Amino acid sequence: MFIKTKIAGVEFNSYVLNASGPNDSTLEELEIIAKSGSAAIMMKSCTVEPRKGNPEPRYVRLPLGSIQSMGLPNKGYQEYIKFAPQLKKFNKPIIASVAGLCTDDYVKMVEAFQKSDVNLIEVNLSCPNLEAKPQVAYDFEQTEEVLSRISGLGKKPLGLKLPPYFEFAHFQQIAELIRKYKVSFISCINSVGNTLIIDPETETPVIKPKKGFGGLCGDYIKPIALASVRAFYELLKDKVSIMGVGGVKSGTDAFEFLLAGADAVQIATTFEKEGASCFERINKELEELLKRKGYASVQEAKGKLKYL
Ligand code: SIN
């Protein structure tokens with residue numbers, strides 16, 4: 001098939017999968033993803049203990065995307081370890097996503113998932129929605145501490161979910177750590193953290209947690225996500241698989257990420273809005289676009305951005 005791809009050596013039967021985020025917390029939700037056109041089954045980022053998450057309203061659709069401050073509502077990592085054998089029958093890669101509240105949490109969860117039935121482990125270093133807990137990946141020392149402690153814990157490929165960076169020096173610093181600790185894949189980007197949407201009628205923010213500061217998603221952030229994918233592709237091509245996340249709602253969007261250098265794209269906002277049929281639709285649109293442009297596979301177009 002045209003749109004088959006590989007992430008960290010693991011085969012994906014298409015280019016599009018769900019992002020860790022909406023509708024992937026319960027077994028029922030994960031089964032819906034498993035039965036859809038999603039290339040893999042990505043789980044909600046989990047913590048050591050179950051969490052209810054932040055007070056509502058905490059997710060609001062916007063004209064060009066969404067703002068959210070979910071606060072990692074999840075069932076706790078042990079439940080996701082139990083879900084994995086029940087999802088194996090769908091014959092798709094299963095991806096755990098772990099979000100520690102401290103370094104020891106990351107170690108505990110990665111160690112446990114290394115012994116589980118999941119195929120890949122995404123280490124979320126970029127949740128912007130926890131009160132008084134800055135995003136780990138903006139602190140390069142803490143990022144290195146986490147990587148040094150989790151990288152030797154097992155053979156399953158480890159990936160990082162990264163926040164947006166806006167300086168080339170920061171792309172380079174993270175790329176050095178990725179090389180040093182042999183990270184196998186990256187997912188970029190998480191939502192753009194700590195943004196504010198104000199409703200002029202009510203004269204309030206649209207979400208409640210953190211006095212309205214939340215993660216911006218969807219079309220608003222696509223150019224930021226494309227830039228991250230491109231920057232990391234230029235720094236790390238052949239060393240790491242890249243999953244692009246941010247504002248993919250059509251095959252054309254997916255193609256732009258492919259040109260930038262992404263091996264796959266993840267979808268959150270469009271999945272929340274449209275439901276699981278979005279994966280098949282976007283895969284189909286991408287396949288048609290590639291055929292129309294004369295490409296025989298995603299690999300042929302990957303990273304082939306032309307410069308002016
Ligand atoms: C959340 O649950 O707050 C979103 C997860 C994330 O941004 O990593």
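Note that this is a predicted model, so its numbers are computed, not measured. Atom set for the values below is all heavy atoms of this structure, side chains included, hydrogens, waters and symmetry mates excluded.
- Ile221 and Ile67 fall within a single hydrophobic cluster, where Ile, Leu, Val, Met, Phe, Trp and Tyr side chains are chained together by heavy-atom contacts under 4.5 Å.
- Here the closest non-hydrogen pair linking Ser25 and Pro73 is OG-O, 3.9 Å.
- Looking at Glu274 and Lys249, no side-chain N of the basic residue comes within less than 4.0 Å of a carboxylate O on the acidic one, giving no salt bridge.
- For Glu49, the CD atom sits in a loose shell: 12 or fewer heavy atoms of surrounding residues, nucleotides or ligands are nearer than 6.0 Å.
- Interatomic distance, Ile95 CD1 to Tyr80 OH, rounded to the nearest 0.5 Å: 15.0 Å.
- Taking the charged nitrogens against the carboxylate oxygens, Asp117 and Lys88 do have a contact shorter than 4.0 Å, which makes a salt bridge.
- Classification of the His170-Phe140 ring pair by plane angle, with boundaries at 30° and 60°, yields tilted.
- Every residue two or more places apart in sequence or in another chain that forms a side chain to side chain donor-acceptor pair (under 3.5 Å) with Lys82 is listed here: Glu79.
- Shortest non-hydrogen contact noted between Asp24 and Ala19 is OD2-O, 3.3 Å.
- Expressed to the nearest 0.5 Å, how far OG of Ser228 lies from CD1 of Ile189 amounts to 5.5 Å.
- Within the model, atoms CD1 of Ile94 and CD1 of Ile121 stand 12.0 Å from one another, a figure rounded to the nearest 0.5 Å.
- Distance check: Leu158 CG to Ile186 CD1 gives 13.5 Å after rounding to the nearest 0.5 Å.
- With respect to Glu285 and Arg281, a salt bridge is recorded, a charged nitrogen being found less than 4.0 Å from a carboxylate O.
- Taking 4.0 Å as the cut-off between side-chain N and carboxylate O, Lys35 and Glu31 do not count as a salt-bridged pair.
- Ion pairing between a basic and an acidic side chain is recognised when a charged N comes within 4.0 Å of a carboxylate O; Asp263 and Lys6 show no such pairing.
- Ser241 contributes atom OG, which lies 8.0 Å from atom CE of Met243 (distance to the nearest 0.5 angstrom).
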